[in-house]
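Here is the structure we will look at, set down as structure tokens.
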Amino acid sequence: MDKILDQLNKEQRLAVEAVDGPVMVIAGAGSGKTRVLTFRVAHLLNLGADPFNILALTFTNKAAREMKERIIKLVGNADAKNVWMGTFHSIFARVLRSEAHRIGYPGNFTIYDTDDSKRLIKAIVKEQNLDDKIYTPNYVLGRISSAKSSLITAEAYNANEEILLQDKMAAKPQLGEIYQTYKNRCYRAAAMDFDDLLLNTYFLLKNFSDALIKYQKKFKFILVDEYQDTNHAQYMIIKQLAANDENICVVGDDAQSIYGFRGANIQNILNFKRDYPDAREFKLEQNYRSTKSIVKAANSIIVNNKDQIFKEIWTENEEGNLIQLVKSATDNEEGTMVANSIFETEMNRQLKHDAFAILYRTNAQSRSMEEALRRLNIPYRIYGGLSFYNRKEVKDLLAYYRLTINHKDEEALKRVINYPARGIGKTSMEKIIVVADQSKSSLWDVIEQPVKFALNLNSGTLNKISTFVTMIKSFRAQLITKNAFDLAKLIASSSGIMKDLYEDKTPEGISRYENIEELLNAIKEFSEKERELQEGEDVKADLPEFRTLDEFMQDIALITDADIQDKNATEKVSLMTIHAAKGLEFPYIFIVGMEENLFPSIQSLGSRSDLEEERRLFYVAITRAEKKVTISYAESRYRWGNLTICEPSRFIDEIDKQYLEFPRRAIINKPTQVKTQPQKPIIHIDKKLKKLNKSQNVYGSEAIPFDESVIEKIIPGIEVEHNRFGRGKVIGVEGAGASKKAAVFFKNIGQKQLLLKYAKLKILD
DNA sequence: ACCGTATTCAGCGCG
DNA sequence: TGAATACGGT
């Protein structure tokens, strides 16, 4: 055991060994924060703590999974796998499932995702005849979400004169009403949204003292990662759970708090010592990740912030490269320069693609980077964007599963009752909704017993509804008799979804069908794995031997695309926002778009605290790098379709000059004429480039049609190569002669529809 | 019911 | 600019 602890430095070891009473660890970037958390859990287990008594809360599922793997390596599987480790949401969803009855929910409640919440809000706004320009789903959900994060219930919201006045002043007086209706609808649907998982946990512990005592006893040792990004609800839940033993250890870095806009409260970490006067504080200040230049440059930026806990990050690593500053004329040129630089560095130093990450402030910036990388045939992966579980066809099928498990799930019901089309249209749905509202019953109750509710529809429609109800009920009956995969497959085909997608032979349709197959594969994999043993008191006695569909649904309700592991990620350059890069590290980091009004964002300029958050964001970006940071800005950039002139970011000036290397040369010289007629030529080139990358039929009249015989040889199944898109497989063809088109799936960039006359495809053997 | 066109909107996003 | 959605015609 001591051998384990010998792997730690002095401060890390002190933090790990302080297992009694409240502890705060301020862990600078790259200082071994995760190491402390994992070793602390391992140490507790070695000291004989029961794994079931350890609660470790992380920021993402991925962090939880990785931490668990590391603990398993330290102490072995048997103990480690029983530690309660996960995100706030996943842990407390689990708690709520077993305690739901106390707050009037069934244990199989649905978790609404953001999409469900927005749809519901949209429906409510429409029903109440409110202006959907004023009450946009985004705004309303944001408002409700921040209320919930502050533990303000709908009732409290409507009883609070100050809040109501605020809404009135903002010309949005109906928000309280919408919040209340939203809450009632969620309840009626036996659904909780993400914020409810925290809000309801808080009130469960507050209002049921036996529940509080139970979980205080259960969670004897509490660890919280990324404490600087916890919101008020999370803070209060922890406070309640830790109130007795105060055996709580929080780890974080105030300098890396970047989620204030979402309700994270940096004061939670700044005030820890006030909340727990006996708290011991440890500072991890030695950075093991980055070079001296990077560490010192990062320090020189963060000192500009007023709100912070004093610390001095240092490293024993080599001096390393200076921070390189790159200037470009346009956003596209910026992409080219970054891509070239990656290409050169890879060649010079024999590096793989995964040594590089390109970080940006907004997702919209990814395009110019993508295009440039594609031109150089550098494989990349974009993080963020549309995730697998957000695809329409996947959500549709999942909605059937949700409805099967929880008939009251109204968002699922509305989604699938007429998909595939079965003649239950808009008018019928509207009537059902009105009846449900008037009788204060769920949509399911109404369609299950239309006579009882005097549902006024013609007999044909009633028949169709009855068929639908019978089908869903029959699915339900099989929840306990079939394993997850068998039932999932059955639902996919009996619902008609498989048939509907199969009949669509467009490339998009084929891809949708494949996505469904992929989902079913995932369920199959799940079914074949053994159920992880749960703690004695939580085991549901009547669980069948096989894993069921509702277990699968619970498993995936809280996962996001960041949790899906890309098997080929190792061979790709990573593109992501700085927010998404939190917690990650790469040898080479490119921070692009370092311009005023973009980074710092224009919305942040109004207040000091917002600007400080932007500065912390920049700090996070720089400290992701191990070897070298390149920061880049463009003098002009397309934003919302307009060419805008940009100035370098103020953050560049804040970097201590001795760590900064200024541009050596401009790769593309700015011709002097640009100054006299500045914008037009740039726009022209830019437009052409964009089109070239989007579709293939813009080579114009100069395009040389390919040999007819080659076109004829292009048939589904063969492998082809495109000079820009790389290798791919032909999925389908349509048309003939000059207008023959092929759908090709490219390994690197996905599916494309190509006009063969122009696409210079090479046939591979 | 479905498709093409008009309109709108645009910050970062855990679960 | 471009995507996502609303609308209006067939």
Side-chain angles (χ1 to χ4, degrees), chain A residues 57-64 86-94 111-119 122 126 132-133 136-139 141-142 145 148-149 192-198 201 225-226 229-231 233-234 257-264 331-332 359-365 367-368 383-387 389-390 392 418-423 425-427 556-563 576-583 593 597-605 610 613-614 616-618 620-621 637-644 683 686-687 689-691 693-694:
Chain A
L57 296 163
T58 60
F59 189 68
T60 62
N61 291 308
K62 197 170 154 227
T87 61
F88 278 84
H89 292 87
S90 67
I91 295 286
F92 295 121
R94 200 166 146 193
I111 298 172
Y112 273 176
D113 64 17
T114 313
D115 194 53
D116 297 315
S117 299
K118 283 181 190 167
R119 282 165 184 259
K122 208 170 165 183
K126 202 169 174 183
D132 58 3
K133 301 274 187 310
T136 62
N138 256 330
Y139 181 86
L141 181 60
S145 174
K148 286 182 179 173
S149 301
M192 296 190 197
D193 67 16
F194 291 136
D195 300 306
D196 286 332
L197 296 174
L198 304 177
T201 299
D225 191 12
E226 308 278 14
D229 284 324
T230 50
N231 63 30
Q234 293 167 327
S257 161
I258 54 174
Y259 281 103
F261 70 92
R262 205 167 66 186
D331 46 357
N332 283 318
L359 309 183
Y360 33 78
R361 180 64 179 79
T362 67
N363 277 311
Q365 290 165 257
R367 179 169 295 124
S368 56
Y383 292 76
L386 196 62
S387 79
Y389 286 103
N390 274 328
K392 182 188 175 294
N418 201 31
Y419 177 77
R422 46 175 75 85
K426 220 163 98 186
T427 330
I556 64 154
L558 294 166
I559 71 158
T560 60
D561 74 328
D563 301 312
M576 63 185 91
T577 63
I578 302 167
H579 284 91
K582 189 174 91 158
N597 301 333
L598 180 59
F599 192 18
S601 132
I602 193 161
Q603 288 94 338
S604 72
L605 300 179
D610 282 0
E613 182 154 316
E614 294 282 305
R616 292 192 295 269
L617 194 58
F618 187 40
V620 167
R637 167 179 308 276
Y638 274 93
R639 294 187 76 181
W640 311 312
N642 293 316
L643 188 79
T644 43
I683 293 170
D686 192 78
K687 274 192 178 159
L689 268 179
K690 285 232 163 90
K691 280 197 179 147
N693 276 290
K694 210 185 144 196

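Treat the numbers as computed from the prediction; the structure is a model and nothing was measured. By convention in this document, chain letters (A, B, ...) are assigned in the order of the sequence lines, proteins followed by strands, and residues within each chain are numbered from 1.
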Return no unless some side-chain N or O of A/N363 is found under 4.0 Å from OP1 or OP2 of B/dG13. yes
Measure the distance from NE2 on A/H579 to C1' on B/dG11 and round it to the nearest whole Å. 9 Å
Euclidean distance for C1', C/dA3 against B/dC14 (whole angstrom): 24 Å
Expressed in angstrom and rounded to an integer, what is the separation of A/K62 atom NZ from B/dC14 atom C1'? 13 Å
Could you tell me how far apart A/L617 (CG) and B/dG13 (C1') are, to the nearest whole angstrom? 12 Å
Over all strands shown, is A/D195 touching base, sugar-phosphate only, or nothing at heavy-atom distances under 4.0 angstrom? base
Answer yes when A/K582 and A/D229 have at least one side-chain N-carboxylate O distance shorter than 4.0 Å, and no when they do not. yes
With a 6.0 Å cut-off on the ring centroids, do A/H579 and A/Y360 count as close? no
Could you state the atom-to-atom distance from CD1 of A/I602 to C1' of B/dA10 in whole Å? 13 Å
Taking the ring of A/F59 and the ring of A/F88, is the distance between their centroids below 6.0 Å? no
The side chain of A/T114 lies closest to which of these nucleotides: B/dC14, B/dG11, B/dG15? B/dG15
Rounded to the nearest Å, what distance is computed from the CG atom of residue A/L198 to the P atom of nucleotide B/dG15? 12 Å
When you check the phosphate oxygens OP1 and OP2 of B/dG15, does a side-chain N or O of A/N61 lie under 4.0 Å from one of them? yes
Quick check: do A/M192 and A/Y112 have side-chain heavy atoms less than 4.5 Å from each other? no
Any N or O donor-acceptor pair linking the side chain of A/R262 to the base of B/dC14 at under 3.5 Å? yes
Mind checking A/R361 for me? I need base, sugar-phosphate or nothing, with any heavy atom below 4.0 Å counting as a touch. base
Correct closest heavy-atom pair for A/T87 and A/N61 would be CG2-N, 3.4 Å
Which whole number of Å gives the distance between the P atom of C/dA4 and that of B/dG13? 15 Å
Rounded to whole angstrom units, what separation is found between the CD1 atom of A/I578 and the C1' atom of B/dG13? 14 Å
So, does the side chain of A/Q365 form a donor-acceptor pair with the base of B/dG11 at under 3.5 Å? no
Side chain of A/Y259 - closest among B/dG13, B/dC12, B/dA1: B/dG13
Closest nucleotide among B/dG15, C/dA3, B/dG13 to the A/R367 side chain: C/dA3
Think A/K122 has a side-chain N or O under 4.0 angstrom from the OP1 or OP2 of C/dA6? yes
Could you state the NE2-P distance from A/H89 to B/dC14, rounded to the nearest angstrom? 11 Å
A/F59 has a side chain; which of B/dC14, B/dG11, B/dG13 sits nearest to it? B/dC14
Counting only side-chain nitrogens and oxygens, does A/S604 get under 4.0 Å of the OP1 or OP2 atom of B/dG11? no
Looking at B/dG15, B/dG11, B/dC14, which one has an atom nearest to any side-chain atom of A/L558? B/dG15
Rounded distance in Å - CG (A/D113) to P (B/dG15): 13 Å
Assign A/E614 to base, sugar-phosphate, or nothing according to its heavy-atom contacts below 4.0 angstrom with the strands shown. base
Working to the nearest 0.5 Å, report the span between CG of A/D196 and NE2 of A/H89. 9.5 Å
Of A/G423 and A/S601, whose nearest nucleotide on DNA chain B comes first from the 5' end? A/G423
Ring stacking, A/Y638 with base of C/dT1, under 5.5 Å and under 30°? no
Quick check: on DNA chain B, is the nucleotide nearest A/T87 upstream (toward 5') of the one nearest A/A364, or the reverse? Name the residue that is more 5'. A/A364
What are the two closest heavy atoms between A/L598 and A/R361, and how far apart are they? O-CG, 3.2 Å
